[in-house]
Each structure stands twice: as C-alpha cells, then as structure tokens.
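Working notes, beginning with the structure itself.
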Amino acid sequence: MTGATGPFSRAAALDRLASEQFDVLVVGGGITGAGVALDAAARGLRTALVEQRDFASGTSSKSSKLVHGGLRYLQQRQFRLVRENLVERSRLLANAPHLVHRIPFVLPLSRSGAMTGEAVARSYSTALWAYDLGGGLRIGHRHRRLSAGDVRAALPSVRGDTISSGFRYYDAFADDARLTLAVVRTAVLHHGAVAANHTPVAGLVKDATGRIAGAVLGDGTEVRATVVVNAGGVWADEIDALHHPGRWPKLRPAKGIHLTVERSRLPWPAAGVLPVPGDRRSIFVVPWGDRVYFGTTDTGYSGPLDDPQCTPADVAYLLGAVNAVVTDPLSPADVVGTWAGLRPLLDEARSSRTADLSRRHMVTTDGAVVTVTGGKLTTYRKMAADAVDQVVAVLGRGHRRSPTRSLRLAGAGGPPPGWDLRLDAGTAAHLASRYGAEAPAVAALAAGDPDLARPLVAGLAYLRAEAVHAARTEMAQTLDDVLSRRTRALILARDASAAAAADVARLLAPELGWTPARTDQEASAYVAAVGRERAAAGLSPTPTCPQQ
C-alpha cells in the first residue's frame with residue numbers, strides 16, 4: 001500500500017477541506033476538539049477538524065488516564081464540579097465500555113503524619129459518602145472501610161508499620177489517546193465529519209465585512225467555515241493570537257508528570273491514593289497490564305509548550321512519595337517510562353499553587369470564533385456540548401440539544417461471539433479492550449500473516465498487526481504516531497520501543513509509501529526523542545536488545 005484511503009484517511013480529508021464549505025471548523029485534535037467535532041456533526045452541522053500534530057499528541061495523551069469525580073475537589077468544596085464529573089463518568093462507561101473500565105482505588109490511612117487518627121477517618125468517610133451519593137454509586141459499588149490487613153492485601157509491599165486502616169472506592173480508567181481517537185473516528189465514520197492530523201493552521205480568514213470565515217492551513221489551503229472553534233488546549237492562547245494579537249493569556253499551564261515501572265516491582269492489583277510527605281498533594285498509583293504508573297506532579301510551567309519534559313526533580317518527587325510507604329523502595333533504574341503533560345488551567349484564582357486553580361471549563365464567543373478552554377478528560381463531552389451550544393447560537397440553526405449523552409463511540413458494541421476462537425485468551429482480551437467491535441479486523445490481519453501475529457515491541461502485548469491497522473484505518477502518519485499513541489509503547493517501555501523502532505519503521509514503510517531514506521529518518525528521529533526524554537529525566541537506559 002502507499003497510504004490509507006477511505007473516509008478516515010488524511011488524503012480524503014485534505015480533499016474535502018479544500019473543496020467544501022463547512023458550518024464549523026474545529027482547531028485542535030485533543031479530546032476537547034474531538035468532542036466538539038462529534039457533537040457538532042451529530043447535530044447535523046457540516047464539521048471539519050484539523051490538528052497541528054497528531055490526534056491527542058498534547059495533553060490528551062499525557063493525562064493521568066482517570067475518568068473520575070475528583071475526591072480532592074470535595075476538599076475544595078467544589079461539589080457541583082464533582083457531581084458533573086461523576087455524571088460524565090457514568091456516561092463514558094456506558095458510551096465507551098470497551099475503552100473505559102472500572103477499577104478499585106484504595107486510600108490508606110497512616111499510623112503517623114497528616115493522614116492519621118479517627119477524626120481524619122471520619123472526614124474521609126464523610127467525603128466518600130458525599131462522593132457516592134453525588135453520583136459515585138452509579139458505578140455499581142459504594143465505598144468500604146478497610147482494616148490495615150485489607151489495605152496490605154490490596155496493596156502488597158506496603159509497609160505494615162505505616163498503615164492503620166483505609167478505604168476502598170471505585171473510579172474508572174481509560175487510555176486517553178485511544179479514547180480521543182475513538183471520538184474522532186466516530187465523528188468521521190458515523191456522522192460525516194472531516195478530520196485531518198498533521199495539519200497546522202497558519203492564520204484565520206476574514207470576509208469582506210471583517211468577519212472570520214475560515215482558516216488558512218500551513219500548506220496554504222483555505223478552509224471555508226462559518227464558525228471557527230478554538231479547542232487548542234494549552235495552545236488556545238496562541239490560536240487566539242491569530243484573531244487578537246497581543247491579548248493577555250487566559251491560561252496558566254501546569255505540568256503533570258507520571259512514571260512507569262514493571263508491575264513486578266510494585267505488584268498492586270488495585271490502584272492506590274498516596275499522600276506526598278511534606279506536601280498537601282496526593283498521587284495516584286495505577287496498575288496497567290504488566291506495568292504500574294504513578295503521578296502526578298502539579299507545578300507551574302513556563303517553558304516551551306511543545307516539549308515539556310520530566311526532570312530529575314520530578315522523578316525524585318514521585319519516587320519519594322511511593323518509597324515512603326513500600327517495603328522494597330524503587331530507584332530511578334526501575335523507571336521504564338515517563339510522560340510529561342501540560343494542563344490548560346484557567347487562571348481565575350490567582351493562586352500561587354496550580355493545584356488550587358479551577359478544573360472547570362469556560363466557553364466564550366467572539367464574533368464567529370468560539371473558544372473552549374480549561375476542563376479535564378472526564379468532562380470533555382460536557383465541554384464540547386457547551387461549546388456547540390454556542391456554535392448553534394452563532395449559526396442560528398442546528399439541533400439545540402446535544403445528542404451525545406447517550407451516543408456510543410465506535411467499537412462500543414463489542415466483538416461478535418466466536419471472533420476469538422483462534423486467539424489465546426490474553427490476546428483476545430487485549431484486543432477487545434482496545435478496539436471493541438473492531439477487534440476482529442485486527443485479529444484477521446494477524447490470522448492472515450503469522451509475521452503480524454508477533455509482538456510489536458518486546459515485553460508488551462501489542463501485535464505487529466496493530467501497527468498495520470493503525471496505518472490503514474487510524475490515520476497514523478509517523479512512527480511516533482504508532483509507538484506513542486496508537487499503541488502506548490513509549491510510556492510503557494521506553495527503551496524497548498526504541499530498540500524496536502527500526503523494525504517497526506520497516507513494517508510501516510510499505511503501508512505509508514515511505515522511501516528507504518524516510519524509513520531510516522523515522523526510526524532515527526524516534527530513537528533520538530527517546531534519548532532526549534531519558535536524558536532530561538536523568539535516567540539510564542533500560543537494558544534491552546534491538547529487534548530485528
């Protein structure tokens with residue numbers, strides 16, 4: 001093959017962008033922009049979306065990957081926000097059951113320090129009852145008080161002398177990059193939208209009256225649209241500057257860091273919520289297949305938006321939080337993956353702590369430009385609905401009620417009975433949890449070619465067939481698209497993915513029409529990026545063997 005064709009292909013999208021008139025053009029292909037595109041298209045509006053890099057390449061692939069109400073928002077008395085989060089969590093569990101999964105969380109109480117004493121236990125019990133009654137019970141479980149023994153059973157390797165008791169409650173997990181991709185694909189395949197990644201916007205277009213009438217892409221293509229939605233996330237101020245140069249920024253980015261280790265080093269079957277010693281923050285520790293990740297930091301950020309990095313101080317902060325409670329301390333050598341993301345927080349509180357800034361979202365309208373900023377992964381659908389409400393108001397047409405409350409995402413139906421007869425149970429479960437009803441297509445690729453049934457990256461469950469599927473049907477354009485977002489090899493096995501880079505590039509080359517020079521360039525660029533990430537964090541390479 002020489003590049004994907006069909007409705008969800010970049011070539012088809014570019015043709016439509018150049019030739020059609022749209023009601024709405026969404027700028028930004030993170031989870032918010034994807035949600036806006038789906039909501040607008042589902043309301044019958046002619047919709048286009050463009051993303052400067054890859055779908056979810058910014059914050060939306062670098063979140064904590066939790067679909068949750070936010071217990072700490074109760075401590076900040078943001079009751080309305082928690083309820084909204086819990087309602088949206090329930091909708092995501094119903095609309096994307098193949099991608100959003102319930103997981104138990106254990107909150108241990110300490111024998112000493114800030115989280116100790118019966119008064120603290122009563123405080124958490126009250127908060128968890130409020131969590132349950134505010135919508136948490138929709139997940140099918142209520143919180144439970146745990147003994148110290150129960151906590152140690154749920155979180156093996158926790159030091160017995162540090163724990164007095166604890167609580168268990170339930171929230172949900174989602175691979176944020178795949179969720180974003182599913183929303184985009186649903187908009188395109190089910191509702192006729194147009195979407196193109198690696199398609200930056202160079203400027204906005206005005207008509208003879210001075211009204212915004214579309215955008216100019218980086219290659220000079222003019223996209224005609226009646227309304228433009230700025231869903232740029234942390235880049236929203238930069239997009240706003242195309243319309244209003246010099247306007248003061250509305251956002252204050254906060255950097256979040258996560259580390260990944262082998263599950264053998266932190267064998268927790270449940271997720272944990274751990275206080276950071278000497279700080280007012282907590283971190284999550286979340287099992288993910290054969291890996292466990294933990295984070296996040298929450299610090300102000302003023303560096304380049306395109307390349308936030310994990311630093312040695314970030315590594316020390318998170319390892320210190322975990323090592324304060326475990327019997328077998330982790331070291332930097334145990335870290336097999338890192339990721340750094342920026343949250344687009346609204347700077348309303350003027351607080352010195354980014355942890356105090358609002359996670360609410362804001363929608364503003366300025367002529368034919370609608371801007372949606374702030375928010376979080378869990379509430380992307382509500383953010384999108386609010387933004388499209390404004391689009392409809394500007395247009396004066398379109399369905400006024402969002403249909404996405406019960407709109408199921410592509411793959412949500414699950415694979416048909418008997419699709420996995422030729423697969424082992426582990427592979428079948430892996431594919432079903434990533435592709436849902438579309439899993440048989442990936443399985444068929446592997447069944448038709450034994451080479452595609454082999455692992456893509458040593459030590460991970462991904463199949464080579466998944467890389468081919470990504471190139472053919474998921475608009476993957478680069479090696480990084482495949483190893484960082486269509487699969488999550490980069491953040492789950494940093495150095496193993498680099499060792500596999502040349503082999504995966506050769507696999508993708510005929511699918512994407514790459515020359516030998518381009519194939520080598522893709523592999524070299526990926527390996528160099530892994531090296532920069534590792535060096536920025538002060539980490540040594542993880543021993544691994546190159547794949548042939």
Side-chain angles (χ1 to χ4, degrees), residues 1-18 29 50-58 61 177-178 181 184-185 194-202 217-221 306-307 442 445-446 449 451-452 454-458 460 462-491 493-535 544-548:
M1 295 184 68
T2 57
T5 59
F8 196 73
S9 70
R10 187 167 179 271
L14 294 178
D15 286 344
R16 290 186 62 187
L17 288 170
V50 292
E51 160 57 40
Q52 64 175 337
R53 294 184 294 171
D54 187 26
F55 304 122
S57 58
S61 61
R178 290 213 65 82
L181 181 66
V184 176
R185 294 182 75 244
V194 181
N197 57 358
H198 298 282
T199 306
V201 166
L217 304 182
D219 64 357
T221 299
D306 290 340
D307 193 28
V442 183
L445 287 173
D449 183 347
D451 179 63
L452 297 183
R454 294 194 296 114
L456 183 70
V457 173
L460 299 179
Y462 304 116
L463 305 180
R464 291 166 65 81
E466 295 182 72
V468 172
H469 180 78
R472 291 182 183 179
T473 69
E474 295 182 340
M475 212 182 291
Q477 301 293 302
T478 70
L479 179 62
D480 183 60
D481 291 350
V482 171
L483 292 177
S484 293
R485 288 168 295 280
R486 302 305 181 278
T487 71
R488 309 314 305 275
L490 174 63
I491 64 174
R494 176 195 62 230
D495 294 307
S497 74
D503 178 59
V504 179
R506 288 191 295 268
L507 177 65
L508 292 171
E511 300 295 330
L512 296 173
W514 292 347
T515 64
R518 170 70 185 275
T519 303
D520 291 343
Q521 180 185 27
E522 288 283 334
S524 297
Y526 182 84
V527 171
V530 169
R532 288 193 301 273
E533 179 181 281
R534 186 197 310 114
T544 188
C545 297
Q547 288 183 221
Q548 302 297 321

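Because only heavy atoms are used, hydrogens play no part in the values below, and waters and symmetry mates are left out as well, while side chains stay in.
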Do side-chain atoms of S61 reach the backbone of A56 as a donor and acceptor pair under 3.5 angstrom?
-> yes
Give the C-alpha distance, both sets of side-chain angles, the deciding distance and a yes or no for side chain to side chain contact (heavy atoms under 4.5 Å, CB included) between V184 and M475.
-> CA-CA 11 Å; V184 176; M475 212 182 291; over 6 Å; no
Minimum heavy-atom distance between A523 and L479, given as atom pair plus value = CA-CD2, 3.7 Å
From CG (D480) to CZ (R53), nearest 0.5 Å | 9.0 Å
Apply side chain to side chain contact (heavy atoms under 4.5 Å, CB included) to the pair L463 and L456, showing each step before the final yes or no.
-> CA-CA 5 Å; L463 305 180; L456 183 70; over 6 Å; no
Can you name the closest pair of heavy atoms from A467 and L507 and give their distance?
-> CB-CD2, 4.0 Å
Residues 468-491 vs ring pair (Phe, Tyr, Trp, His ring centres under 6.0 Å), sequence neighbours excluded, gives Y435-H469
Applying side chain to side chain donor-acceptor pair (under 3.5 Å), name anything that partners D219, two or more places apart in sequence or on another chain.
-> T221
Applying side chain to side chain contact (heavy atoms under 4.5 Å, CB included) to R16 and not counting sequence neighbours gives E20, V194
Results of salt bridge (Lys or Arg N to Asp or Glu O under 4.0 Å) for D54 - residues two or more places apart only | R485, R486
Atom of L217, atom of A202 and distance for their closest heavy-atom approach = O-CB, 3.9 Å
Sorted by chain and number, sequence neighbours left out, salt bridge (Lys or Arg N to Asp or Glu O under 4.0 Å) with R10 holds for none
Ring pair (Phe, Tyr, Trp, His ring centres under 6.0 Å) filter on Y462, not counting sequence neighbours, yields H430
Between V442 and A465, which heavy-atom pair has the shortest distance, and what is it?
-> O-CB, 3.8 Å
Measure across E51 and S57 and return the closest heavy-atom pair with its distance rounded to 0.1 Å.
-> OE2-OG, 3.6 Å
What residues form a side chain to side chain donor-acceptor pair (under 3.5 Å) with R488, not counting sequence neighbours?
-> D175, D176
Are side-chain heavy atoms of V457 and T487 found at a separation under 4.5 Å?
-> no
I491 CD1 to L483 CG distance, which is reported to the nearest 0.5 Å | 12.0 Å
T519 (side chain) donor-acceptor with A517 (main chain) under 3.5 angstrom | no
Hey, is the main chain of D451 close enough, under 3.5 Å, to the side chain of R464 for a donor-acceptor pair?
-> yes
Sequence-distant partners of D306, side chain to side chain donor-acceptor pair (under 3.5 Å), two or more places apart = W235
Is there a donor-acceptor pair closer than 3.5 Å between any side-chain N or O of T473 and the backbone N or O of A470?
-> no
From W514 atom CH2 to R506 atom CZ, the distance as rounded to the nearest 0.5 Å = 12.0 Å
For E466, check salt bridge (Lys or Arg N to Asp or Glu O under 4.0 Å) against everything at least two apart and list the hits.
-> R434
Between A196 and A13, the two heavy atoms sitting closest are CB-CB, 3.9 Å
Results of side chain to side chain contact (heavy atoms under 4.5 Å, CB included) for D15 - residues two or more places apart only | none
Is R185 salt-bridged to E474, going by a charged N under 4.0 Å from an acidic O?
-> no
Any residue meeting salt bridge (Lys or Arg N to Asp or Glu O under 4.0 Å) with R518, in chain and number order, not counting sequence neighbours = E522
Between Y526 and V482, does a side chain to side chain contact (heavy atoms under 4.5 Å, CB included) hold up when you go through it step by step?
-> CA-CA 11 Å; Y526 182 84; V482 171; over 6 Å; no
Sequence neighbours left out, what passes side chain to side chain donor-acceptor pair (under 3.5 Å) with T478? Give chain and number order.
-> D481
Nearest-0.5 Å distance, CG of residue L445 to CG of residue D449 | 8.5 Å
